[in-house]
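Worksheet: one structure, shown below.
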Amino acid sequence: MANYGTDGSDDLDWDLEDVVVTEPVATVSCNGEASSSAGPSNSNLVSHFVGMGFPREAVAKAIRENGEGNSEAILESLLTQAALAESPDSPECEHACSDLFSSESADDFIYDLSDSDSDWASEEKVDNLSEKDRTLKLLETMGYPLDEVAIAMDRCGPNASIEEMTDFLCAAQVARSADAFFYDREEEQNKKRRHFEEENRWKRKKEKRFERIDECDDTTHLPNPMVGFGLPDTRLVVKRTLPEAAVGPPYFYYENVALAPRGVWNTIARFLYEIEPEFVDSKFFSAAARKRGYIHNLPINNRFPLKPIPPQTIHEAFPSTKRWWPAWDRRTKLNCVQTATASAKLTERIRKALEGWEDSDPPLKVQHDVLHECKKWNLVWVGKNKAAPLEPDEIEMLLGFPKNHTRGGGISRTERYRALGNSFQVDTVAYHLSVLKEMFPNGISVLSLFSGIGGAEVALDRLGIPLKNVVAVEISEASRSIFRSWWEQSNQKGNLIDISDVQKLDADKLEQLISSFGGFDLVVGGSPCNNISGSNRVSRDGLEGKHSSLFYDYFRILNQVKAIMTKT
DNA sequence: GAGAAGATGAGAGGGTCC
DNA sequence: GGACCCTCTCATCTTCTC
């Protein structure tokens, strides 16, 4: 049920709104000649602004002043005109203000007083009060809020008459109403501006789309469902022939977010031998979605999944949540695990929103809002009305890492979330890399760029492929520490070399590494997505962004490795 | 000062309706 | 086919806390 104000202020706002709506027309219509000047050449523009609610004459004037080509300036001018027409100094507003002191209003006060039979109005009691208290009670009985009366008494002094006090209170109310009025007008203007901008945005979008069609179609069509070149237990229907330049050695495997800005995947593919990306959503491998694109030169026949098959639904992954899961939350899979997590304040707001609906489902609006937050932040139900973000160890499980993979060793909770949010989904990657098992029974040498917490290495290890040599390049000290810790704990027999920055990995260093290892069998990595991810609200600059431009280092290093290995 | 917590949209694709 | 709405997204920046 909606709550309405009880102090009468709503009525006041409605009255003012009625006055306001009529004013711009009356004021602007003074320029009657303007309407005829809007010639046929700009009739569409006139219709456009008239459609937004501006008077035709005002539109014509604004077009004359700003020119047809500058629609934003026209809008500004129209908004300014409307604001001036409704300013408190204008005669129209004075009229509106004077209404507040009209006889009708006074009648209301009288009615209130005469009709009052409360104890407050009892003559006997009033007689017993001090002069100040009597004034206060009288004004309150007249309908003024107590706190405002107190302020008025303070400002007007103890000896002020009732008339002086009512003058002060009326003036305060008028001022407040004017504020509300201007706020409303501002809102209305903002609404118009938003509407205008939205329309322009769509226009630009449409134009861009046609421009693109004219030039070349740089759109990447994401498959729906996003199953890549095939899933376990499904018949492979995809056949591909790699360009000659793409054929290994070494094999390479590149990963990034699927939902990149337009043109990004085309550019990546262009640099990586024109190989078609394989777009896969990890929800087909686990209980959480993770839409990623992979470009690789691996065979795609005879892949097999990691065993045991991980939980495929939320309830399989977190059975204890089933008890608390509301029937109206029909999620079976979680959304993409990201680097940030929900705040305690949010989960508190959810709890409070659901309290009071013990015996029935909350209203649809509440359900909708709560579900929106649950999906956005990947919340699960851990108690009555208690939604909670995933714990880091739960995310480790969802992503296919061993329990406590990121825990301890000086790694903070925030660093764990960040590192996990940036990593591979191990089961998905392992499915693609599984074809290497037959080829490298005695072990594999891996150049792991942007290695993070070692998703690729964990996948190879879980596939049973021995890690002979691993050169891991990762800028985050925390991630390097996590990976090295896993390497030591999992009793790896091979060599691990870690390097802190891909930009330090030049041709000389690569030559040195290749000569000591006899070459790399696999170059794997997912370059930073910071400037590509849809979650980035500040610098989604695509492949030219500060972080994501490191893709070109992946390309550079891969080419250098190929060149050096061909030479030797 | 470092780490944690909290607040902050926009862009792109897909679905639905007309 | 276009308009509109909904959903989803490997994040970033500021403020708070210790």
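Source: prediction; values computed, not measured. Below, chain A is the first sequence line, B the second, and so on; all start at residue 1.
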Of the listed nucleotides C:dT12, B:dG15, C:dT7, the one nearest the side chain of A:H368: C:dT7
A:E544 and A:Y552: side chain donor to acceptor below 3.5 Å: yes
Atom pair distance, as rounded to whole Å: CD in A:E373 and P in C:dC6: 15 Å
For A:I453, the option from A:W486, A:F483, A:F401, A:F424 that meets side-chain contact (heavy atoms from CB on, under 4.5 Å): A:F401
Distance below 4.0 Å between A:R292 side-chain N/O and C:dC10 OP1 or OP2: yes
Nucleotide nearest A:A340 when distance is taken to its side chain, options C:dT12, C:dC10, B:dG15: C:dT12
Protein-nucleotide distance (A:R262, atom CZ; B:dG13, atom C1'), rounded to Å: 9 Å
Sugar-phosphate, base or nothing in reach of A:E415, heavy atoms under 4.0 Å: nothing
Per A:R540 side chain, nearest of listed nucleotides B:dG11, C:dC10, C:dT12: B:dG11
Under-4.0 Å side-chain N/O to phosphate OP1/OP2 contact, A:N335 with C:dT9: yes
Side chain of A:S412 (C-beta onward), nearest among B:dG3, C:dC10, C:dT12: B:dG3
A:P261, nearest nucleotide to its side chain (from C:dT9, C:dT12, B:dA12): B:dA12
Closest listed nucleotide, where the reference is the side chain of A:R537 and the choices are B:dG9, C:dC10, C:dT12: B:dG9
C:dC10 phosphate, OP1 or OP2, under 4.0 Å from A:S423 side-chain N/O: no
Same-atom distance (C1') from C:dT7 to B:dG9, integer angstrom: 14 Å
A:R416 CZ - B:dA5 P separation (whole Å): 13 Å
Whole angstrom value for the distance that separates P of B:dA4 from CZ of A:R418: 11 Å
Atom pair distance, as rounded to whole Å: CZ in A:R349 and C1' in B:dA5: 12 Å
Per A:V538 side chain, nearest of listed nucleotides C:dC13, B:dG6, C:dC10: C:dC13
A:R290 side-chain proximity, nearest of B:dG13, C:dT9, C:dC10: C:dC10
Separation of C:dC10 P from A:F551 CZ (nearest whole Å): 18 Å
Whole angstrom value for the distance that separates C1' of B:dA12 from CG of A:N266: 15 Å
N/O (side chain, A:N530) to phosphate O (OP1/OP2, C:dT12) under 4.0 Å: yes
A:R270 and A:E274 ion-paired at < 4.0 Å: no
5' priority, DNA chain B, between A:P223 and A:S533 [closest heavy atom]: A:S533
Sugar-phosphate, base or nothing in reach of A:C336, heavy atoms under 4.0 Å: sugar-phosphate
Nearest to side-chain heavy atoms of A:S343, which nucleotide of B:dG6, C:dC8, C:dT9: B:dG6
Side chain of A:W377 (C-beta onward), nearest among B:dT8, B:dG15, C:dT12: B:dT8
Sugar-phosphate only, base, or nothing, as touched by A:N531 at under 4.0 Å among non-hydrogen atoms: nothing
Charged N-O contact under 4.0 Å between A:D553 and A:R556: yes
Heavy-atom pair of closest approach, residues A:N531 and A:S548: OD1-N, 2.9 Å
Sugar-phosphate only, base, or nothing, as touched by A:G452 at under 4.0 Å among non-hydrogen atoms: nothing
First encountered from the 5' end of DNA chain B, between A:S535 and A:T341: A:T341
Atom-pair distance (CD1 on A:I453; P on C:dC10), nearest Å: 16 Å
Lys/Arg-Asp/Glu bridge criterion (N-O < 4.0 Å) met for A:R407, A:E391: no
Partner nucleotide of C:dT9 by Watson-Crick or wobble geometry (both distances under 3.5 Å): B:dA10
Sugar-phosphate, base or nothing in reach of A:S282, heavy atoms under 4.0 Å: nothing
Side-chain N,O (A:N536) to OP1/OP2 (C:dC10) below 4.0 Å: no
Residues A:K386, A:E355: salt bridge by 4.0 Å N-O rule: no
